[in-house]
Amino acid sequence: QAADKKLVVGFSQIGSESGWRAAETKTAKAEADKRGIDLKISDAQQKQENQIKAVRSFVAQGVDAIFIAPVVATGWDSVLKEAKEAKIPVVLLDRQIETKDPSLYMTAVTSDTVHEGRVAGEWLAKQTGGKCAVVELQGTVGSSPAINRKKGFDEIVAKNPGMKIIRTQSGDFTRAKGKEVMESFIKAENGGKGICAVYAHNDDMAVGAIQAIKEAGLKPGKDILVVSIDGVPDIFKAMSEGEANATVELTPNMAGPAYDALIAFKKDGKAPPKWIQTESALFTPDTAKAEYERRKDAY
Amino acid sequence: MTLSAPGPSRNLPQYGALIAVLLANWLLFPDFFAIRLQDGRLFGSLIDVLNRGAPVALLAIGMTMVIATRGVDLSVGAVMAISGAIAATMTGAGWSLPAVLAASLAAGLLCGLWNGLLVAVLRIQPIIATLILMVAGRGIAQLVTEGQIVTFTSPALAFIGSGSFLTVPMPVVLTIVALAVTALLVRATALGLMIEAVGVNRLSSAGAGVNTPVVLVAVYVWCGLCAAVAGLIVTADIRGADANNAGLWLELDAILAVVVGGTSLLGGRFGLVLSVVGALIIQAMNTGILLSGFKPEFNLIVKAGVLLVVLLLQSPTLTLFLPRPKGARPIGTVKPPVAPTSGGAKP
Amino acid sequence: MTASTAPPSAPLLAIRGLSKAFLGVQALDGVDFTLRHGEIHALLGENGAGKSTLIKTLTGVYQRDGGTVALEGREIAPRGVEEAQRLHIGTVYQEVNLLPNLSVAENLFLGRQPMRWGLVDRGAMRRRARAVLQPYGLSIDVTAPLGRFSVATQQIIAIARAVDMSAKVLILDEPTASLDAQEVAVLFKVMRTLRSRGIGIVFVTHFLDQVYEVCDSITVLRNGRLVGERRTAELPRLDLVAMMLGRELEAAAHRIDLGPAEVDSRPPLASFKGFGKARSVEPFDLDIRPGEVVALAGLLGSGRTETVRLVFGMDRADRGEATVDGRTIRLKGPRDAVRLGFGFCPEDRKKEGIVGELSVRENIILALQARQGWLKPIPRRRQEEIADRFIRLLDIRTPDAERPIQLLSGGNQQKALLARWLATEPRLLILDEPTRGIDVGAHAEIIRLIERLCADGMALLVVSSELEEIVAYSRRVVVLRDRRHVAELRGGEVSVERIVAAIASETPHAIASETPATGSGAEVRQ
Amino acid sequence: MTGALQRFLPLIVTTAVLVVGFLLCAAQFPNFASWRVVGNLLTDNAFLGITAVGMTFVILSGGIDLSVGAVIGFTTVLLAVLIEQGGWHPVPAFAVALIAAGGFGAAMGGVIHVFQMPPFIVTLAGMFIARGLGFVLTTDSVPINHPLYGELNDMALRFDFGLKLSLPALLMLGVVLAAVVLAHWTRFGANLYALGGNRQSAELMGVPVARTTVAVYGLSGLLAGLAGIVFSLYTGAGYSLAATGVELDTITAVVIGGTQLTGGYGYVVGTFVGVLIQGLIQTYITFDGTLSSWWTKIAIGVLLFVFILLQKGLLVVWAGRGGEPAEA
Ligand SMILES: Nc1ncnc2c1ncn2[C@@H]1O[C@H](COP(=O)(O)OP(=O)(O)OP(=O)(O)O)[C@@H](O)[C@H]1O
Ligand SMILES: Nc1ncnc2c1ncn2[C@@H]1O[C@H](COP(=O)(O)OP(=O)(O)OP(=O)(O)O)[C@@H](O)[C@H]1O
Ligand SMILES: [Mg+2]
Ligand SMILES: [Mg+2]
C-alpha cells in the first residue's frame with residue numbers, strides 16, 4: 001500500500017577492505033539514487049558482530065528492507081529471525097550464507113565463488129594443456145572467498161594430473177603481502193624457473209605478484225602466467241600491458257538487481273527466485289583496454 | 001646514556017636469536033644466503049629480510065623512544081597509511097617529489113604532535129591517546145583515497161620503494177640513515193638521558209628540572225616521522241596507496257621488535273640498534289615461514305613459538321647467571337679536575 | 001628442618017653465619033645475631049652496612065646464600081614475607097611500603113581481612129582498623145586512600161600494621177626516620193608494652209639517643225660483617241660510634257657564628273610576600289639572604305613540606321608574589337626554580353627524588369644537565385669526574401658510579417640526591433628532612449658541608465624534625481602550626497626550648513585531627 | 001563522606017556521560033528511545049562485557065591481556081568441532097571449552113610470573129597461539145545445529161513494559177555482579193588492587209604474588225572462554241576469525257570506564273558502563289546510516305576523544321584540580 005512513499009533500505013556492508021568492496025558500496029549508492037531509494041549504509045569494519053548489531057538496529061529503526069553482505073557464511077539465523085518476525089525482507093549480497101531455514105532471507109544476489117575458482121582453473125588448464133606448476137596466493141586464511149576460490153581451483157587441478165600447486169601461502173588479499181609472498185616463492189623455486197603460473201585469489205595480490213616477478217628479472221605474463229579473480233581496473237591495465245593473462249570478473253553491481261527484485265516484491269508481492277546469480281565472465285588481454293575504460297569510473 | 005642496553009647479558013640474546021633464526025632459515029632453504037646482482041640491485045632472500053624488515057625497523061626506531069618514556073604508540077600503522085595515501089594522491093595529481101615528500105612527512109609530524117599533546121598536556125594514557133588516532137587515522141587515509149587503491153606511475157616516488165643506492169635497496173638505506181640520525185640525536189645530545197629519566201620516574205625528573213612535556217611531545221613527533229617514512233616506503237614499493245591495509249597491525253610488530261630488542265615496556269633504558277635487530281629477527285622469521293612452505297594455517301603458531309623462545313632467552317630469571325653488566329668502573333679511576341671548578345663544596 | 005621442641009633456654013631468634021651477596025657486593029658476610037624473648041635489640045651500622053639486607057634475608061624477601069636462622073630453636077627458612085608472617089614475624093621495612101591506592105583499613109588488614117560467610121567483612125575491618133590506630137593517637141578516616149596522608153602518617157600506619165601482626169618478633173627498619181618527637185614517644189610506649197609481653201623487637205635507627213632510650217642490647221654491623229654485640233648499659237656512646245665507623249668521630253658540629261647584623265645587612269636573595277595556596281598553606285612572608293640557614297620547624301602536617309614545595313614551584317602558589325634578586329618572578333614549575341639556581345631534596349625520596357633505574361652518575365648530573373638544556377650534553381668524562389668527586393666527598397657507599405641508584409642503601413640514595421643539587425652549585429638549596437636515614441658519620445659530614453656551603457654564600461632552607469640539628473646550624477627558625485607560620489626565632493633566640501615552646505603554645509597534638517583534607521598537599525603527592 | 005564521593009567520582013562521571021549520550025541520541029532519532037534498543041545494547045555487547053570484566057581484573061593487577069579476542073575465536077571453533085564433528089552434547093563441550101580457556105590464561109600467567117616477562121608480550125604470543133590453534137582445528141566457519149542452541153537462543157526474560165533480556169545479556173549482568181563481589185568482598189580482590197598499586201610493596205606485605213598473577217590471567221581466560229560460548233550462541237557457529245580486534249575494544253571499554261592502565265585504580269561497574277558507551281557509539285552510527293567506511297572510523301575516533309575529554313573535564317570541574325591519580 002505504501003508503494004508511493006520512499007523505500008528505506010538498510011545495507012550492512014562488510015567494510016572497505018579492498019578496492020572492489022569500495023566499488024560495490026559506491027554502485028549500491030548510485031543504483032539507489034537512480035531508483036529514488038533511501039539507502040542507509042552501516043560499515044562493519046570487517047567484523048561480524050558489528051554486522052549483527054547493524055541488522056538489529058535496522059530492525060529497531062523499522063526499515064523496509066535489509067541488505068547484508070555477510071562477512072562469513074555462518075551465524076545469521078538468530079538475527080535474521082528477528083528481521084523475519086518484524087516482517088522485513090532480507091537480501092544477501094555477493095556472498096551466500098549457511099542456514100537450515102532458507103525462508104529467513106528473500107533472495108541472494110551473488111556470484112558463485114567456487115565457480116570463480118573453477119573458471120580460473122579451467123582457463124589455465126586450457127592454456128597450458130593441463131601441464132603447469134602453479135603457485136597460489138591465498139586470500140585471508142579462513143575467509144570464505146579464500147576457501148571457495150581455492151576449492152574450485154583445486155577441483156580442476158585434481159582433474160589434470162599434469163597440473164599441481166607447488167606452493168601456496170596467504171597474501172591476505174593485499175598487494176604488499178602478495179608481492180612479499182611472490183618474492184619468496186620465486187627464490188624458493190630457484191629464481192622462478194620452476195613456476196609456470198601464479199593463481200591469485202584476488203587481483204590486488206596479482207598486481208603485487210607482477211611487480212615481484214618483474215623485479216626478479218622475469219616477464220610476468222610470459223615467463224610466469226598470471227591469473228586472478230575480481231576484475232578491478234588495475235588488472236585490466238596490467239593485461240593491456242601484457243603483464244597479466246586472465247581475470248574472472250566479480251561484478252561490483254550487486255545492489256542493482258537486488259533493488260529491482262525488492263521493488264517488484266513490494267509492488268505485487270511476487271517473491272523473486274532464491275538465488276539471483278551474477279555471471280562470472282572471464283576476461284583476457286584482447287578486450288582489456290576497452291574493459292578498463294568501461295570500469296575505471298565505476299571504481 | 002647507553003645506545004644499546006648495557007651489558008653483554010642484555011645484548012647476547014638478541015644477536016644470538018637473530019643468528020639462530022637465520023641459520024634455521026638456511027637449513028630450511030639452502031640458498032638462503034645466496035646473493036646475486038639483479039638490475040644493479042642486490043637480490044636474494046637475505047636481502048628480502050632486510051628490505052621487508054625496513055618498515056617495521058623504522059617504526060621500531062620511533063617506538064623505542066616512545067616506549068622508553070613508558071608510553072606506547074598504537075597509531076603508527078594508521079600514520080603509515082596516511083602518509084602513503086597523501087604521497088600517492090599528490091603524485092597522481094602531478095606534484096613534484098619534494099613537495100610530495102614534504103607533505104607526507106608533515107602529516108606524520110602532525111600526527112605525532114597530536115599524540116604527544118594528548119599524552120603530555122591532557123595526560124591521557126598513551127594506549128588510549130594513540131588508539132584514537134589508530135582508529136580515526138585509517139579513516140583519514142581512506143578519506144584521502146576514497147577507499148580505492150590509488151596507484152601512481154612516477155618512477156621518482158617508486159624509487160624510494162624499489163630503487164637502490166650502491167646496489168643497496170632504498171628501504172634499507174633509509175632505515176640505516178634514520179637509525180644513524182636518531183642515534184646521533186639522542187647520543188650526541190642529552191635527550192637520551194632525559195627520555196630515560198622521564199620514563200623511569202616522571203615526577204623525579206620534573207623535580208630535577210627536566211622539561212617533561214617537551215620530552216614527551218618530542219618522542220611522539222619523532223615516532224610519527226618514522227612512521228611517515230615507513231608509509232612512504234610501502235606505498236612506493238607497491239606503487240599504490242592501500243589505505244585500508246597499509247601498515248595494518250604493524251604497530252604490534254613494532255612493539256614486539258622493541259621488546260625483543262630488550263627495551264622494557266616499563267620505560268627507562270632503551271637500545272635503538274637492538275630494536276632494529278628485533279625487527280630483523282621478526283622479519284627473518286616471517287621470510288623463513290614463507291620459504292619453508294608450511295601451510296599458512298601454521299604461520300601464527302610457528303611465529304609465537306619462536307618469539308617465546310627468543311624472549312625466554314632474555315628473561316631476567318634466566319639472564320641472572322650471565323656475566324654482570326660492563327661499564328662498571330671503580331671509583332676514582334678518573335682523577336679529579338686539577339682545580340675543582342664546580343666548587344659548592346671543596347673536598 | 002629439625003622439628004625439635006625448643007629448650008626453654010633457646011633464644012627467640014638465633015641467626016648464625018648469615019651471608020648474602022648481590023652482583024658485585026657482599027652485603028652480608030657470615031653475620032650472627034641473637035634476639036631474646038622480651039628484648040629490644042638495636043641493629044646499628046653505617047649506611048650500606050647491611051642492616052636492611054639482614055632483615056630482608058631474615059624475612060624471606062631475599063634468599064640467603066648461607067647460614068641458619070632458628071626461631072625458638074626451630075630452624076626456619078621463609079620463602080616469602082607471607083611465610084614469615086605466618087611464623088608471627090612482623091616487619092616494617094625501610095621506606096614506607098604500603099599501598100597508596102588502598103584504603104588505610106585495607107592496608108592494615110591486607111591478607112588477613114576479617115571474614116564473614118566467606119566474604120570480607122568490611123564493617124568489622126573498619127572498626128578494627130580504628131581500634132588498631134587508636135593507641136597511636138591517629139583518628140583518621142580509615143576508608144580514605146592511604147596515599148592522601150603524609151609520609152609520617154603512613155609510617156605510623158605501617159608500624160601499627162606490623163605490631164598488630166607480630167605475636168613473636170617485631171622488626172622495625174628505621175621507623176622513626178620521618179617521625180617527630182611526639183610520635184617517637186608514642187612508638188616507644190608501644191614497644192615497651194610489647195616487650196613486657198615477651199615479644200622480641202629488632203630496632204634499626206640512626207638516632208643514638210633513641211637507642212639509649214629504649215634498647216636493651218646492640219648489635220653493630222660494618223660492611224656486611226658483624227662487629228659485635230653489647231649490652232646497651234655497658235657501651236658508652238663514643239665506643240658505639242667507634243664500633244660503627246671503625247674510627248673516632250671528629251668533634252661534633254659547632255655553631256656557625258655569622259653576626260646577625262652582617263647577614264641581615266645583605267639584600268635578600270629571595271623574598272616571598274603573602275605567598276600561599278588555597279587549601280594548602282596560609283599566605284606567609286619569608287626572606288632568605290645569601291649565606292644564611294633558615295629552618296622550618298613544626299609538627300608533622302604543619303605544612304613545612306607544603307611551604308618548601310611552593311617555594312620550589314613543585315606546587316603552584318595561587319597568591320602572593322616572589323622576588324629574586326629584587327626582580328619579581330613567576331614560579332610555574334621546578335624548571336623555573338632550577339634556572340633561578342634553586343635546588344630541592346624532597347621528603348619522599350623514593351617517589352619524587354631518585355630515578356631508580358638510572359646509574360648513580362646519571363642521577364647526580366641530572367639536575368645540572370637539565371639546567372644546561374638537552375643541547376649541551378655534559379661530556380661523559382666530566383660526568384664521571386663530578387660523580388666520583390661527590391661519591392668521595394659524601395662517602396656514598398657504592399661499588400661503582402654505574403650502579404643503578406635503586407640498588408643503593410636508603411641512606412646512600414639520600415646522599416646521592418644531595419650530590420645532585422650540590423653539583424648545580426645552587427644559590428638556594430631547599431632540604432626537606434635532609435638527614436633522614438643518614439648515619440652518624442655522614443650526618444656530621446653533611447652538617448659540616450652545610451656550613452661550608454653557607455660560608456660560600458649559598459642560602460639554605462631546611463625542614464627537619466630534629467630540633468638539635470636545626471639548632472646546630474640555623475640562625476633563623478620559622479615555626480609552623482596548622483599550615484600557618486606562627487613564629488620566627490632569630491640568632492640568639494634559637495634554642496630547642498624556644499622552638500618547642502613555639503610549636504606547643506597551642507594544640508599540641510595536630511596529628512590527632514588528621515583528615516585527608518581534599519586538595520591538601522598530601523594529595524598533591526599522589 | 002566527601003571522601004566516598006571523591007573515590008566514586010570517575011564512576012559517577014562515566015555514568016553521567018553515558019546517560020547524556022543516550023539522551024542526545026534519543027533526541028535525534030525517533031525510534032532510539034525504545035526498550036528494544038536498550039535490549040539490543042545489552043545483548044549485542046554481552047560477549048564484550050564479559051570479556052571486559054576479565055580484562056578489568058588483569059588491568060587492575062597492573063597487567064594486560066591481548067589474547068582474549070583470539071581465545072573467544074578459538075573457543076567458538078572448539079565448540080563447533082566438538083559438537084558438530086565430534087557429536088558431543090553442548091554442555092560437556094562448554095565445560096571443556098571453559099577449562100581449556102581458563103587453563104590457557106593461567107599458563108600465560110605462570111610464564112609471566114616465573115620468567116618475569118612483560119604481560120603485553122606474553123599475551124600477544126598467546127593471541128597468536130590461540131588464533132593459530134583455531135586455524136589448525138578448522139579454517140572454515142562451522143554452523144552449530146544442535147537443538148539446544150536454538151532453545152538457549154529463544155530463552156529470554158521478557159518484561160511487560162517491553163524490555164527483553166536475552167540469555168547473553170543476563171549472563172553478562174550476572175558476571176558483572178559476581179565480579180563486583182569478587183573485587184571488593186574477597187581477599188583475592190584486595191590482592192589484585194594491591195598488586196596493581198605497587199608490586200614490590202604488595203610482595204613486602206605478604207601478598208601471594210605468584211598465586212594471584214596466575215589466578216587473574218586464568219580468570220581472564222575463563223571469562224574469555226565464557227564470552228566465546230556466548231559468541232557461539234549469538235552466531236550459532238564457530239569461526240576461527242571471530243572476534244578479531246576485540247582485545248582493543250575491551251581495553252578501550254575498561255579505560256573509558258575509568259580504570260587506570262597502570263593498575264590499582266578502577267571499578268568493574270565502570271567497565272560495564274564503558275562497554276555500553278562503546279555500544280552506544282556503534283548504534284548511533286548505524287542509526288545515522290550516512291557514514292561511509294572512512295567517516296565511520298573517523299567518527300568512532302572523534303567520539304572516543306570526546307568521551308574522554310568529557311570525563312577529564314567533569315573530573316576537573318567536580319574534584320577541583322586533579323581528582324584522579326597522575327598516571328606518570
Ligand atoms: N637489591 C640489591 N641489589 C644489589 N645490591 C644491593 C641490594 N640491596 C642492597 N644492596 C647493597 O647491599 C649493601 C647493604 O645495603 P643495606 O640496604 O642493607 O644497607 P643498610 O645498612 O640498610 O643502609 P641504610 O642505613 O642506608 O639503610 C649496600 O651496599 C647496597 O648497595
Ligand atoms: N597530622 C596531620 N593532620 C592532618 N593532615 C596531615 C597530618 N599529617 C600529614 N597531613 C597531611 O599531609 C600533608 C603533608 O604535611 P607536610 O608534610 O606538609 O607537613 P610537614 O610539616 O612537612 O610534616 P612531615 O613531617 O610529614 O613532612 C599535610 O598538609 C596534610 O595534608
Ligand atoms: Mg637500610
Ligand atoms: Mg614534610
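Throughout, protein chains are lettered first and strands after them, A, B, ... in sequence-line order, and every chain is numbered starting at 1. Hydrogens, waters and symmetry mates are skipped; everything else that's a heavy atom, side chains included, is used. Note that the coordinates shown come from a computational prediction; the quantities given were computed from them, not determined experimentally.
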Are any of the side-chain heavy atoms of K53(A) and T286(D) separated by less than 4.5 Å?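 Not touching, per the 4.5 Å side-chain cut-off.
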4.5 Å side-chain heavy-atom contact, L48(D) and E49(A):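 Contact flag for L48(D)/E49(A) side chains = no.
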Looking at [X] and [Y], what are the two nearest heavy atoms and their distance?
X       : Y       : result
F287(D) : K40(A)  : O-NZ, 2.9 Å
S16(A)  : K297(D) : OG-NZ, 4.3 Å
V142(D) : T74(A)  : C-CG2, 4.1 Å
N40(D)  : S57(A)  : ND2-N, 4.4 Å

Region of Y234(D) that comes under 4.5 Å of a non-hydrogen atom in chain A: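 Contact with chain A: backbone and side chain both.
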Apply side-chain contact (heavy atoms from CB on, under 4.5 Å) to K296(A) and list each qualifying residue two or more places apart in sequence or on a separate chain.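 side-chain contact (heavy atoms from CB on, under 4.5 Å) list for K296(A), sorted by chain: Y292(A), E293(A).
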Go through I147(A), V79(A), V72(A) and name the one with the most non-hydrogen pairs under 4.5 angstrom from chain D.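 Going by pairs under 4.5 Å, I would pick V72(A).
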To the nearest 0.5 Å, what is the distance between [atom1] on [X] and [atom2] on [Y]?
X       : Y       : atom1 : atom2 : value
D43(A)  : W294(D) : CG    : CH2   : 8.5 Å
S293(D) : E17(A)  : OG    : CD    : 8.5 Å
I52(A)  : T43(D)  : CD1   : OG1   : 11.5 Å
R56(A)  : L41(D)  : CZ    : CG    : 11.5 Å
I144(D) : D77(A)  : CD1   : CG    : 11.5 Å

Side chain, backbone, both or neither: which part of T99(A) has an atom under 4.5 Å from a heavy atom of chain D?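 No part of it gets close to chain D.
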Is Q61(A) close to chain D through its backbone or its side chain, or both, or neither, when contacts mean heavy atoms under 4.5 Å?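 Both backbone and side chain.
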Residues of residues 244-253 of chain D within contact distance of chain A, non-hydrogen under 4.5 Å: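 The residues closer than 4.5 Å to chain A, in numerical order, are T244(D), G245(D), V246(D), D249(D).
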Neighbours of chain A found in residues 24-35 of chain D - heavy atoms under 4.5 Å: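 Against chain A, the residues of residues 24-35 of chain D that fall inside the cut-off (heavy atoms, under 4.5 Å) are N31(D).
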Any residue meeting salt bridge (charged side-chain N to carboxylate O under 4.0 Å, His left out) with E24(A), in chain and number order, not counting sequence neighbours: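 By the salt bridge (charged side-chain N to carboxylate O under 4.0 Å, His left out) rule, E24(A) matches R21(A).
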Can N153(D) and K81(A) be counted as having a side-chain donor-acceptor contact under 3.5 angstrom?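 Side chains of N153(D) and K81(A): no pair found under 3.5 Å.
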Which of L233(D), L241(D), L291(D) touches chain A most, by non-hydrogen pairs under 4.5 Å: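 Counting heavy-atom pairs under 4.5 Å, the top option is L241(D).
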With distance as the sole test, does Y239(D) use its side chain to make a donor-acceptor pair with the main-chain N or O of G75(A) at under 3.5 Å?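 Here the side-chain-to-backbone pair does not exist.
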Under 6.0 Å from the NZ atom of K87(A), do we count more than 12 heavy atoms belonging to anything else shown?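 Check fails, neighbour count at 12 or below.
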